[in-house]
Every structure is written in structure tokens, then in C-alpha cells.
Visitor: 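Take this structure, written in C-alpha cells, and hold onto it; I'll ask about it next.
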Amino acid sequence: MSKAITPREQDYSQWYIDIVLKAGLADYSAVKGCMVIKPYGYALWENMRDALDKMFKETGHVNAYFPLFVPKSLFEAEEKNAEGFAKECAVVTHYRLKTDPNNKGKLMVDPDAKLEEELVVRPTSEAIIWNTYKGWIQSYRDLPILVNQWANVVRWEMRTRLFLRTAEFLWQEGHTAHATKQEALEETVKMLHVYGEFAENFMAMPVIKGVKSANERFAGAEDTYCIEAMMQDGKALQAGTSHFLGQNFAKAFNVTYLDKNNKQEFVWATSWGVSTRLIGALIMTHSDNEGLVLPPKLAPIQVVIVPIAKNEEQLAAVRARMQPLMDELKAKGIRLKFDDADNRTPGWKFAEYEMKGVPVRIAVGPRDLENNTVELARRDERTKEVKSMDGLAAGIEQLLVEIQENLYKRSIQLRETMITPVDTYEDFKKVLSEKGGFISAHWDGTSETEEAIKTETKATIRCIPLDQVAEDGVCIYSGKPSKGRVLFAMAY
RNA sequence: CGAGGUGUGGCGCAGUUGGUAGCGCACCUGGUUUGGGACCAGGGGGUCGUCAGUUCGAGCCUGGCCACCUCGACCA
């Protein structure tokens with residue numbers, strides 16, 4: 001592994017790629033646009049998944065699993081949804097290979113094994129799930145259905161980027177069915193807040209909650225709610241979405257229930273999801289030129305102990321001395337690694353764990369054993385100090401909390417400087433090109449204006465914030481009246 | 001799809017005028033080391049992306065093809 005990563009200020013994109021590869025999160029694969037998530041990256045995903053899963057269950061959801069394949073006839077049932085995803089669908093047309101008679105040792109698709117009906121590899125699961133729900137729902141007593149699925153999906157993107165946009169990715173998708181519009185709307189917003197809480201409390205990543213404009217809405221949704229995060233380079237990243245689907249899918253799949261008055265009604269729906277893209281968001285929120293920086297709550301390794309020893313005896317002595325501390329930390333549920341690998345020097349390990357973003361590092365050698373101390377280093381601020389071994393476990397537990405808070409504080413401070421209100425289109429373009437970030441501006445509410453601004457500047461409306469302040473103004477582009485500001489940005 | 005780049009040992013790369021492949025890291029063995037990416041000695045590992053052509057001879061020259069990466073276009 002080479003020593004340096006490309007500095008952020010030199011080439012942000014390359015910096016990001018370097019971190020993903022050199023921190024051992026993921027790697028390119030033999031399949032174009034698809035990546036291998038390596039054990040360290042997967043451990044990070046598992047921690048995110050577990051935290052989210054717990055929150056879903058606490059809000060009354062259960063997990064289930066639906067097929068990877070969606071028969072084309074089902075996929076096309078909800079027209080807008082199908083149309084929105086059509087251009088990026090992988091399609092299975094055959095179910096068998098055979099040896100190629102003209103090419104020894106090679107295989108070919110068996111033309112006799114053509115499927116009666118093509119199978120779409122799910123880019124999202126509304127179709128297969130709503131086709132299933134049809135059989136689950138007869139009465140209002142069957143509602144609500146609050147199901148989540150952890151799965152992979154495939155979207156044949158023209159251009160991919162590690163974690164941020166890959167052809168196959170891991171995610172969760174919640175799909176709920178409700179008796180009333182009100183209830184479905186409440187669910188949509190509830191899950192948006194779950195995502196917001198996860199982003200802020202676990203990822204230490206501030207987000208803006210809002211609603212998408214019609215242009216940016218999920219295909220097949222009545223309304224798309226989102227959490228939008230700001231990356232260090234001034235570009236926005238959609239970190240999660242929660243959709244109010246109205247009765248679109250119920251109508252497309254004819255899913256009805258009998259209400260208390262024995263009347264047939266269409267079911268109301270929501271869907272919501274976050275993906276491995278969050279790992280990309282995490283990287284671009286906290287990391288620096290030394291590598292990854294991880295919030296303690298999600299870090300696969302929270303504390304690493306690097307022993308320094310000249311021989312086996314010294315190593316044994318360090319281990320023996322650290323054992324009580326390790327037991328204590330483990331009892332507190334802290335994820336810990338004691339790295340006694342003898343083929344690496346301490347210096348190598350220091351650099352390596354910095355690259356991997358481990359929040360707290362402890363170095364202990366003979367000097368420390370004599371003085372009853374350790375060297376304690378924190379990744380977020382890259383500081384280190386000598387601490388007494390007494391009361392160390394409690395101190396470390398506290399330090400992890402501090403680091404988590406510090407990361408959040410740091411990123412929200414940066415984010416605040418990255419929201420710029422503007423009142424003219426000239427200023428809008430100036431801020432966009434010179435500073436980036438979110439631009440808070442009046443908009444007349446029309447798709448035409450949004451489209452025109454996008455064509456001219458590449459910036460899009462990231463969201464209409466939920467906490468939008470009512471304020472009379474005029475649209476920066478059309479000059480028409482506006483009742484509040486929306487957030488524009490360049491986006492990933 | 002457009003522009004650019006890269007394909008040589010696990011990784012990163014060099015390879016001159018065409019003469020039968022080398023360096024660093026990693027790996028294995030032994031030893032010395034270990035407080036910010038250690039050192040010495042020895043060792044193993046390569047159909048040079050692929051197909052064809054030119055040539056006595058091709059990693060190198062010619063032509064085709066393929067793959068991947070980066071940047072654009074596109075992106076709920």
C-alpha cells in the first residue's frame with residue numbers, strides 16, 4: 001500500500017477514491033460499475049444497518065424478503081415508476097447456457113432457453129411487493145402493513161462512483177400500506193425523521209429535511225421527502241428519501257380493503273430507503289488528508305491498542321498489563337483491537353489506523369509500563385497525550401462520546417457556512433461558481449423555472465425545507481412572487 | 001454515448017535502437033530491530049490484455065479487437 005493519498009484540495013474526487021481503496025472499504029471488481037465491499041467496509045455497513053434496523057423495529061416495522069426478479073408485466077403496471085426506471089434496468093431473458101459448438105471450451109446462451117416473460121432485476125421493489133400485498137390485504141384489520149426489506153438492487157447507471165453510485169448496491173426499502181391518507185402521510189414523515197436522527201446521531205452528519213420539487217420526485221410518488229447533506233467540497237448529497245405514494249400502486253395492482261362500513265377502498269402507500277451511498281456521505285463529511293475519519297458509534301474498531309515491545313517478554317508484559325483495561329472496555333461494549341502483529345512496526349500501525357479512521361489509539365511500551373501510563377491519540381483532532389492507566393476505561397468511554405459530538409459539531413459548523421442566501425440570479429451564479437454549498441433563494445414554484453436554472457447552471461433544487469420560513473419575495477429567475485426560500489445546490 | 005487514460009509478478013511502476021524481462025512495496029527464510037509507514041542477507045513468483053501481421057527474432061513496430069479507470073452527457 002502506498003503511503004500517501006491525494007490531498008483534498010488538489011483533487012477532491014481522487015482523494016475520495018484513494019480513501020475508499022486505501023482504507024480498505026471497497027475495491028473495483030471484474031464487473032463494470034460494480035464494487036467489492038471489503039470486510040472493513042462491510043463491517044461499517046453492518047453497524048449502520050444494525051442501528052437503522054433497531055430504529056425501524058422500534059417504530060413498529062418488521063423485516064421480510066421479496067424476490068430479486070420482477071416479471072416485466074408487473075414491473076410496468078405502475079406506469080410512471082416503470083418509465084422512470086426503464087432506462088437502467090438489467091433484464092433476464094434466458095435461463096440456461098450451453099457449450100458453444102463453434103468455440104471449444106466456451107459457453108453460449110442457449111437460444112432454446114428463452115424465458116416466456118422477461119424478468120427485470122429489481123431497481124426497486126414496489127411492483128413485486130404491491131403485487132404481493134394484494135394477497136395480504138382484504139380488510140381494514142389487515143392494515144397497516146409495516147414491512148422493511150434489506151436487499152440489493154441493480155440500476156444500470158451510465159457512470160458510477162464507488163459507494164455514491166454503483167450499478168448494484170445494498171440498501172433497505174420500507175414498504176408500508178395504510179387505510180388512510182393521513183396515516184400514510186404520517187408514516188412518510190415519521191421515517192424521514194428516523195433517517196434524520198440516524199444521520200445526525202450515528203453518522204454525526206447534519207442534514208436538511210425537506211420535500212423534493214416535482215422534477216426531483218421519485219417516479220410513482222405523490223411526494224418525496226428527503227434528507228440532504230452537504231459534503232466538504234460544497235456539493236449536496238441526497239442521503240435518504242421517504243416517499244408518499246398515494247394510491248398509485250394500490251390502483252396499479254388493484255389493492256383494496258373493506259372498511260368498517262363494508263366499503264371497498266384503495267390502500268395508501270409509502271416507501272423509504274437508504275443505501276450504501278451513506279458510506280460515501282460519511283467519508284465526504286468527516287475524512288481528511290490522512291484518511292478516513294469515523295464517528296465512534298459506527299466505527300468497526302473504536303479503540304486500537306498498539307503494543308510497543310522489543311521482544312516476546314515485553315509484549316507479554318504489555319499484554320498482561322493491558323488485559324484488565326481490555327476486559328473493562330469490552331464489558332462496556334467498546335469495539336477493541338489489540339494489534340500484536342509482529343510483521344509491522346508501531347509507526348506503520350499508527351499510520352494504518354489513521355487511514356482506517358479508528359477514533360482512539362492507545363500506544364503502550366516499556367516506558368509506559370514503568371510510568372503506569374499510555375499514549376492516547378484521537379483521530380478527529382490528531383492529538384495525543386500521555387494518560388495515567390488509572391481510570392482509563394472510563395476516560396476512553398467518555399472520549400468516544402466527545403469525539404462523536406466533536407465530529408457533529410465540526411460538520412454542522414462547516415455546513416452553516418455553506419448555506420448562502422441570495423436574492424438575485426447574478427448572485428446565485430456567483431455563489432455557485434465561487435463558493436458552492438446550499439444556496440437559499442426564492443423560487444416561483446414552477447418546473448419550467450427549475451429546469452431553466454438547471455440547464456443554465458447545473459444546479460438543482462435539493463429540497464423545500466420542512467422548516468421553511470414564510471417570507472414574501474420574488475423568484476430569482478422569473479421575478480414572479482414566492483412565499484419562501486428553497487435550497488439549490490450542485491449535487492452528487 | 002463523447003473525450004482522455006491505462007493494461008508487464010499480489011500492488012505501484014520502468015523497460016533505450018526490436019535481441020528472449022527488471023525495480024520498489026508486499027510475500028517466504030534467517031538475523032538485527034520496534035515510541036510515526038525499520039534494516040541486512042538469502043529466496044519464490046511474470047502465457048508482458050487479446051488476436052493477427054511484419055521480422056531470423058516482438059513487451060517494444062503495424063492493424064484490429066477487448067477490458068477497466070477518470071472526466072463529461074444521464075441519474076428516482
Side-chain angles (χ1 to χ4, degrees), chain A residues 1-6 11-14 16-18 20-22 24 27-35 78 80-89 122-126 153 155-162 164-167 169 171 173 212-221 223-226 237-238 240-243 245 271-275 277 290-291 306-312 314-315 318 339-356 361-371 373-377 382 384 386 454-455 458 460 491-492:
Chain A
M1 194 174 294
S2 74
K3 287 177 185 177
I5 59 177
T6 307
D11 183 345
Y12 195 80
S13 183
Q14 192 58 49
Y16 173 80
I17 293 165
D18 283 353
V20 171
L21 299 178
K22 292 183 179 176
D27 215 339
Y28 296 110
S29 74
V31 188
K32 186 182 172 70
C34 294
M35 64 177 183
E78 210 294 326
K80 278 191 183 148
N81 184 249
E83 227 181 271
F85 285 102
K87 293 187 308 257
E88 50 195 55
C89 285
R122 63 181 169 214
T124 181
S125 300
E126 276 79 4
V153 287
R155 295 180 188 179
W156 214 267
E157 302 285 354
M158 292 180 195
R159 179 146 133 59
T160 56
R161 309 191 62 172
L162 294 167
L164 297 174
R165 177 169 285 107
T166 47
F169 56 93
W171 76 342
E173 45 182 327
K212 287 291 188 191
S213 63
N215 284 12
E216 300 278 322
R217 194 178 286 152
F218 177 75
D223 255 319
T224 289
Y225 290 75
C226 61
L237 183 81
Q238 176 177 297
T241 47
S242 183
H243 314 292
L245 302 175
S271 70
W272 26 274
V274 297
S275 72
R277 177 180 237 209
E290 313 307 318
V306 177
I308 296 156
K310 293 194 193 306
N311 50 50
E312 281 297 319
Q314 283 190 356
L315 179 63
V318 169
D339 187 352
D340 58 358
D342 62 359
N343 59 340
R344 301 289 182 203
T345 61
W348 193 93
K349 291 173 186 174
F350 295 165
E352 179 67 7
Y353 290 110
E354 259 162 36
M355 181 69 81
K356 286 177 126 53
R361 185 185 71 231
I362 296 171
V364 209
R367 212 158 68 200
D368 296 295
L369 295 190
E370 251 176 62
N371 301 332
T373 57
V374 300
E375 182 189 84
L376 192 64
R382 301 196 70 233
K384 53 188 180 183
V386 175
K454 184 182 176 183
T455 307
K458 293 181 183 165
T460 50
Y492 275 98

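Quick note on labels: first sequence line is chain A, next is B, and so on, each numbered from 1.
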Visitor: Report each atom pair, protein N/O against N/O of nucleotides 3-6 of chain B, whose distance is under 3.5 angstrom.
Guide:
none

Visitor: Taking B:rC69 as the reference, what is the distance to B:rG30 when you measure between their P atoms (whole Å, please)?
Guide: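 Result for the P pair: 41 Å, nearest Å.
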Visitor: Would you mind classifying the nucleic acid contact of A:A309 as base, sugar-phosphate or nothing, using non-hydrogen atoms under 4.0 angstrom?
Guide: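 Result for A:A309 = base.
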Visitor: With rounding to the closest Å, how many angstrom separate the P atoms on B:rG59 and B:rG19?
Guide: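 The same atom, P, in both gives a distance of 9 Å.
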Visitor: So with a 6.0 Å cut-off around CH2 of A:W156, is the heavy-atom count from everything else above 12?
Guide: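 No - once you tally the heavy atoms of other residues, nucleotides and ligands closer than 6.0 Å, there are 12 at most.
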Visitor: What nucleotide among B:rU70, B:rG37, B:rA73 has an atom nearest to a side-chain atom of A:M158?
Guide: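 Selected nucleotide (nearest to the side chain): B:rA73.
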Visitor: A:P123 near the nucleic acid: base, sugar-phosphate alone, or nothing, with a heavy-atom cut-off under 4.0 Å?
Guide: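 If one applies the 4.0 Å heavy-atom cut-off, A:P123 turns out to touch nothing in the nucleic acid.
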Visitor: Could you check which of B:rG37, B:rG72, B:rG35 has an atom nearest any side-chain atom of A:D368?
Guide: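 Closest of the options to the side chain of A:D368: B:rG35.
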Visitor: Measure the distance from CG on A:D342 to P on B:rC39 and round it to the nearest whole Å.
Guide: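 Those two atoms, CG and P, are 17 Å apart.
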Visitor: Describe the nucleic acid contact of A:T224 in one word from base, sugar-phosphate, nothing, applying a heavy-atom distance below 4.0 Å.
Guide: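 Touches nothing.
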Visitor: Taking A:Y16 for its side chain and A:L162 for its backbone only, find out whether a donor-acceptor pair lies under 3.5 Å.
Guide: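 Checked: pair present.
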Visitor: With rounding to whole Å, what would you report as the distance between B:rC39 and B:rG53 at their P atoms?
Guide: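 Taking atom P in both B:rC39 and B:rG53, they lie 49 Å apart.
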Visitor: For A:E216, report the nucleic acid contact type (base, sugar-phosphate, nothing); a contact means any heavy atom under 4.0 Å.
Guide: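 The answer is sugar-phosphate, as A:E216 gets under 4.0 Å only of primed atoms, P, OP1 or OP2.
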Visitor: What is the distance, rounded to the nearest whole Å, between atom NZ of A:K212 and atom C1' of B:rC75?
Guide: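 After rounding, the reported distance stands at 12 Å.
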Visitor: Select from A:Y492 and A:R361 the residue whose nearest nucleotide in RNA chain B is closer to the 5' end of that strand.
Guide: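 Of the two residues, A:R361 wins.
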Visitor: Any side-chain N or O of A:K310 less than 4.0 Å from the OP1 or OP2 oxygen of B:rU34?
Guide: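 Looking at the OP1 and OP2 atoms of B:rU34, one of them is under 4.0 Å from a side-chain N or O of A:K310.
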Visitor: Using the P atom as the point on both nucleotides, what is the distance between B:rU8 and B:rC40, in whole Å?
Guide: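 Taking atom P in both B:rC40 and B:rU8, they lie 28 Å apart.
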Visitor: Which of these nucleotides, B:rC71, B:rU34, B:rC75, is closest to any side-chain atom of A:P346?
Guide: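 Ranking B:rC71, B:rU34, B:rC75 by closest atom to the A:P346 side chain puts B:rU34 first.
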Visitor: For nucleotides B:rG45 and B:rC27, find the distance between their C1' atoms and express it as a whole number of Å.
Guide: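 Per the computed distance, 9 Å lies between those C1' atoms.
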Visitor: Over all strands shown, is A:A219 touching base, sugar-phosphate only, or nothing at heavy-atom distances under 4.0 angstrom?
Guide: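 Sugar-phosphate, backbone atoms only, no base.
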Visitor: Check A:P307 against A:P346 and note the closest heavy-atom contact, atom names and distance.
Guide: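 Looking at all heavy atoms of both residues, the closest pair is O-CG, 4.4 Å.
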Visitor: Test for a donor-acceptor pair under 3.5 Å between the base of B:rG36 and the side chain of A:K384, counting only N and O atoms.
Guide: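 Yes.
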Visitor: Reading RNA chain B 5' to 3', how would its secondary structure be written in dot-bracket notation, given Watson-Crick and G-U pairs with both distances under 3.5 Å, brackets [ ] for crossing pairs and | for partners on other strands?
Guide: (((((((..((((.....[..)))).((((((.....)))))).....(((((..]....))))))))))))....
Visitor: Give the nucleotide from the list B:rG35, B:rC75, B:rG36 with an atom nearest to the side chain of A:R367.
Guide: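 Closest of the options to the side chain of A:R367: B:rG35.
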Visitor: Side chain of A:P366: nearest nucleotide among B:rG35, B:rG37, B:rC71?
Guide: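 Among B:rG35, B:rG37, B:rC71, the one nearest the side chain of A:P366 is B:rG35.
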Visitor: With a 4.0 Å cut-off on heavy atoms, is A:G365 in touch with a base, just the backbone sugar-phosphate, or nothing at all?
Guide: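 Since a base atom lies under 4.0 Å of A:G365, the category is base.
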Visitor: Could you measure the distance from the NE2 atom of A:H243 to the OG1 atom of A:T124? Nearest 0.5 Å is fine.
Guide: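 Reported value, rounded in 0.5 Å steps: 7.0 Å.
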Visitor: Could you give the distance separating B:rG36 and B:rG12 at their P atoms, to the nearest angstrom?
Guide: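 Rounded to whole Å, the distance is 29 Å.
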Visitor: Would you mind telling me which of B:rU34, B:rG72, B:rG36 lies closest to the side-chain atoms of A:I308?
Guide: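 Of the options given, the side chain of A:I308 lies nearest B:rU34.
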Visitor: A:P307 or A:A351: which one's nearest nucleotide on RNA chain B is closer to the 5' end?
Guide: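 Closer to the 5' end of RNA chain B: A:P307.
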Visitor: Using whole Å, report how far CD1 of A:I17 lies from P of B:rG12.
Guide: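 In whole Å, B:rG12 P and A:I17 CD1 are 14 Å from each other.
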Visitor: Just to confirm, is there a sub-4.0 Å distance from OP1 or OP2 of B:rG35 to any side-chain nitrogen or oxygen of A:K349?
Guide: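 Answer is no, no contact under 4.0 Å.
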Visitor: Output a table of nitrogen or oxygen pairs between the protein and nucleotides 64-68 of chain B separated by less than 3.5 Å.
Guide:
| from | atom 1 | to | atom 2 | distance (Å) |
| --- | --- | --- | --- | --- |
| B:rC68 | OP1 | A:K32 | N | 3.4 |

Visitor: Would A:R165 pass as a cation-pi partner of A:Y492, given that its NZ or CZ must be under 6.0 Å from the six-membered ring centre and within 45 degrees of the axis?
Guide: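 Cation-pi check for A:R165 and A:Y492: fails.
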Visitor: Between P on B:rC71 and OH on A:Y16, what's the gap in Å once rounded to a whole number?
Guide: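 Computing the A:Y16:OH to B:rC71:P distance gives 11 Å.
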Visitor: Which nucleotide in the list B:rA26, B:rG36, B:rC71 gets nearest to the side chain of A:R344?
Guide: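 Closest nucleotide among those given: B:rA26.
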Visitor: How long is the straight-line distance from CG of A:D11 back to CG of A:D18, given to the nearest 0.5 Å?
Guide: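 Rounded to the nearest 0.5 Å, the CG-CG separation comes out at 8.5 Å.
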Visitor: Have a look at A:Q314 and say if it touches a base, only the backbone sugar-phosphate, or nothing, with a 4.0 Å heavy-atom cut-off.
Guide: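 Nothing, no nucleic acid heavy atom in range.
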Visitor: Does any N or O in the side chain of A:E216 come within less than 3.5 Å of the main-chain N or O of A:K212, such that one atom is a donor and the other an acceptor?
Guide: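 Side chain of A:E216 to backbone of A:K212: no pair is present.
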Visitor: For the backbone of A:A167 and the side chain of A:K32, can you confirm whether one donor and one acceptor N or O come within less than 3.5 Å of each other?
Guide: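 The answer is no, because no donor-acceptor pair under 3.5 Å joins these two groups.
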Visitor: Within the structure shown, what part of the strands sits under 4.0 Å from A:F169 by heavy-atom distance: base, sugar-phosphate, or nothing?
Guide: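 Base contact.
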Visitor: Give me the distance, rounded to whole Å, that separates B:rG10 from B:rG46 when you measure between the C1' atoms they each carry.
Guide: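 Rounded to whole Å, the distance is 12 Å.
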Visitor: Report the distance from atom CD of A:E173 to atom CD of A:E126, rounding to the nearest 0.5 Å.
Guide: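 Output value for this atom pair is 6.5 Å.
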Visitor: Less than 4.0 angstrom between a side-chain N/O of A:R159 and OP1 or OP2 of B:rC1, yes or no?
Guide: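 Checking B:rC1 against A:R159, no side-chain N or O comes under 4.0 Å of OP1 or OP2.
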Visitor: Could you tell me the separation between the CZ atom of A:R161 and the C1' atom of B:rC69, rounded to a whole number of Å?
Guide: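 Between C1' of B:rC69 and CZ of A:R161: 12 Å.
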Visitor: To the nearest 0.5 Å, how far apart are CG in A:D27 and CE in A:M35?
Guide: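 Separation between the atoms: 10.5 Å.
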Visitor: Take atom CD in A:Q14; do more than 12 heavy atoms of anything else shown fall under 6.0 Å from it?
Guide: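 Enclosed: over 12 neighbouring heavy atoms sit under 6.0 Å from CD of A:Q14.
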Visitor: Donor-acceptor pair, distance only, cut-off 3.5 Å: does the side chain of A:K349 make one with the backbone of A:D339?
Guide: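 Judged by distance alone, yes, a pair lies under 3.5 Å.
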Visitor: Give the rounded distance in Å between these two atoms: CZ of A:R217 and P of B:rC75.
Guide: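 That distance rounds to 16 Å.
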Visitor: Roughly, in whole Å, what's the span from CG in A:D18 to C1' in B:rU70?
Guide: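 After rounding, the reported distance stands at 12 Å.
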Visitor: Taking OP1 and OP2 of B:rU34, is either one under 4.0 Å from a side-chain nitrogen or oxygen of A:T345?
Guide: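 A:T345 to B:rU34 OP1/OP2: no side-chain N or O under 4.0 Å.
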Visitor: Enter the distance from A:L315:CG to A:I308:CD1 here, rounded to the nearest 0.5 Å.
Guide: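 A:L315 CG to A:I308 CD1: 11.5 Å, rounded to 0.5 Å.
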Visitor: From the set B:rG36, B:rG35, B:rC75, return the single nucleotide nearest to any side-chain atom of A:K454.
Guide: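 When the side chain of A:K454 is considered, B:rC75 is the closest of B:rG36, B:rG35, B:rC75.
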Visitor: Students often get this wrong, so: under 4.0 angstrom with heavy atoms, is A:N343 touching a base, only sugar-phosphate, or nothing?
Guide: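 Answer is sugar-phosphate: A:N343 comes under 4.0 Å of backbone atoms only.
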Visitor: Return the CD to CZ distance between A:E370 and A:R367, rounded to the nearest 0.5 Å.
Guide: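 Output value for this atom pair is 10.0 Å.
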Visitor: Taking the side chain from A:R277 and the backbone from A:L237, do they hold a donor-acceptor pair closer than 3.5 Å?
Guide: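 No; zero donor-acceptor contacts below 3.5 Å.
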Visitor: Between B:rG15 and B:rG24, how far apart are the C1' atoms? Round to whole Å, please.
Guide: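 These two C1' atoms come out 15 Å apart once rounded.
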Visitor: Taking all atoms of both residues into account, what is the closest heavy-atom pair of A:C226 and A:T241, and its distance?
Guide: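 That would be CB-CG2, 4.1 Å.
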Visitor: For A:Y12 and B:rU70, what is the distance between atoms OH and P respectively, to the nearest whole Å?
Guide: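 After rounding, the gap between these two atoms is 16 Å.
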